[in-house]
Amino acid sequence: IPVAPFDYLVFGGSGDLSMRKLLPALYFRDHDGQLSEGSRIILASRGDQSTEELVPRVREAIGKHVAAEFINDDIWRRFVGRLTYLSLDATAERGWDNLVHLLQDQPDRIRVFYLATAPDLFGDICRNLARHNLITPQARVVLEKPIGHDLASARHINEAVGSVFAEHQIFRIDHYLGKEAVQNLLALRFANSLFETLWNRTAIDHVQITVAETIGVESRGGYYDKSGALRDMVQNHLLQLLCLVAMDSPSSLRADDVRDEKLKVLRALKPITAETVGMVTVRGQYRGGAIGGASVAGYLDDLGEPTSDTETFVALKAEVASWRWAGVPFYLRTGKRLPERVSEIVVQFRPVSLNIFPAEAGLFSANRLVIRLQPDEGIKLELVSKDPGPGGLRLRNSALNLSYAEAFKIRFPEAYERLLMDVVRGNATLFMRRDEVEAAWSWVEPILDGWSRTGQAPKPYTSGTWGPSSAIALIERDGRTWHDEP
Ligand code: BG6
């Protein structure tokens, strides 16, 4: 179903995110007939080039990020007809009159201002939008992460944006919330009665959330070295996943109902302080090694610096202090240059209270629910069954396996496709509210402080391994193991 006609204005429009994610996502939506006639995409940045000069770069990006079967001349022509490039200085006067001129013929249309720039420009851009009277009731603003680098800077950005946009017009993006399997988590938890009575400390032993990447910092060293894995991944993506696993049922899927429940989880996270940080967190930094047979350089070489105190890996043990979860650890880990690209949530149930089977039946594991977010999205429920056939009663672990690719033979939209259209529809359910972002920083900041106060430096790990050995010790100390540790 096509969405209402819109003008999508991307600040940082010729940058990496725009080329890699936003334009391919908009192209796919156009391909599927979701963009109404007349909808426009305006790419703004400081550079001095014409639309004609930018188009070949966009074509190249689409060619790289969209499978050939989805590219055809008619759709490409229609898509390119929507594009305009605008040279503009976000912090000064230059170019703003041209923007006003461009938008003025459609004053009532939905306007999306997508800020794909460094966050320190967010305030200036918003002030300029207001000064030029571009913020109509139909306008929305999208903020890319990171929203700040600590609580104070996040508040500062939220104040600046909030002084010109109402909260319902602000869409703080966390692209993990747009992933198919992440949304399916809502369906799994709240459309199946099976799990709810078991979804608590009585039945669940612990939860693991892993987001492993094989890539290194690539060309983003400048940003990444100031950020690190805790800020780049845990503060947003991993905590959002934790919220979806741990939250109580919202009373509806309305944005504020869902966000209220997530906020309660964030506020219930037990603080990690300088006293505990060394016990419950591990930092790592990758060294050279090999992944899938190919050798790769270490972080410092990728960065081109002799030293760095930035972590490219974090493992930590979190706890949600609520009646539902008291005493149930949530083990989180994320890192770059790990052996495989895999994101998953593992819910480990408690073992049976009494094993009535004779020793010959063999050992068997407790039930486990594995929610695979990427790649190969799916859900696996590990059960114990009898080894079929004659002979004695022998038990074995088996699984109920729902593979999305096999069950639903369609292409899943990329996270950005769904989220960009949700902005046009004004549906903020999959976006973060101001208080959520600030609550997440409130929990993360003491970890950062703890690291600096106690001098906890990142431990080296070889690329292609699962992080420093202390990450394995973190969970094994509690008598547990990471899922699928080789
Ligand atoms: C981004 C981080 O938010 O998420 C990157 O800044 C990371 O460092 C990326 O690589 C991972 O996203 P995905 O969708 O590839 O898992």
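One-based numbering, in listed order, for ligands and for the atoms of each. Values in this document were obtained by computation on a predicted structure and should not be read as measured data.
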Please state which protein non-hydrogen atom is closest to atom 16 (O) of ligand 1 and give its distance, to 0.1 Å? Tyr176 OH, 2.4 Å

Atom 12 (O) of ligand 1 has as its nearest protein heavy atom His175 NE2, 3.1 Å

Please compare Val217, Thr312, Asp232 and report which has the shortest non-hydrogen distance to atom 6 (O) of ligand 1. Asp232

Minimum-distance protein heavy atom relative to atom 10 (O) of ligand 1: Glu213 OE2, 2.5 Å

Quick one: does Glu438's side chain have a donor or acceptor within less than 3.5 Å of a partner on Leu151's backbone? no

Below 3.5 angstrom, do we get any N/O pair linking Tyr223 and ligand 1? no

Which ligand 1 atoms, with their elements, are less than 4.0 angstrom from a heavy-atom of Gln374? 13 (P), 16 (O)

For Lys336, the atoms of ligand 1 under 4.0 Å from one of its heavy atoms are 5 (C), 7 (C), 8 (O), 10 (O)

Any salt bridge linking Asp449 with Arg453? Criterion: basic side-chain nitrogen under 4.0 Å from a carboxylate oxygen. no

Scan side-chain atoms only and decide if Thr91 and Asp89 contain a donor-acceptor pair under the 3.5 Å cut-off. yes

Any donor-acceptor pair under 3.5 Å linking the side-chain atoms of Tyr331 with those of Arg480? yes

Is it the case that ligand 1 has an N or O less than 3.5 angstrom from some N or O of Lys145? yes

Using distance alone, determine whether Arg220 and ligand 1 share an N or O pair under 3.5 Å. yes

Which ligand 1 atoms, with their elements, are less than 4.0 angstrom from a heavy-atom of Arg341? 13 (P), 15 (O), 16 (O)

Here the atoms of ligand 1 under 4.0 Å from any heavy atom belonging to Lys179 are 13 (P), 14 (O), 16 (O)

Within this structure, what is the CZ-CG distance for the pair Arg337 and Asp302, rounded to the nearest 0.5 Å? 5.5 Å

Quick test of your reading of the model: are Glu382 and Lys380 salt-bridged, counting only N-O distances below 4.0 Å? yes

The single option from Ser470, Ser469, Pro468 that satisfies side-chain contact (heavy atoms from CB on, under 4.5 Å) with Tyr461 is Pro468

Could you tell me whether the side chain of Lys145 and the main chain of Asp232 form a donor-acceptor pair under 3.5 Å? yes

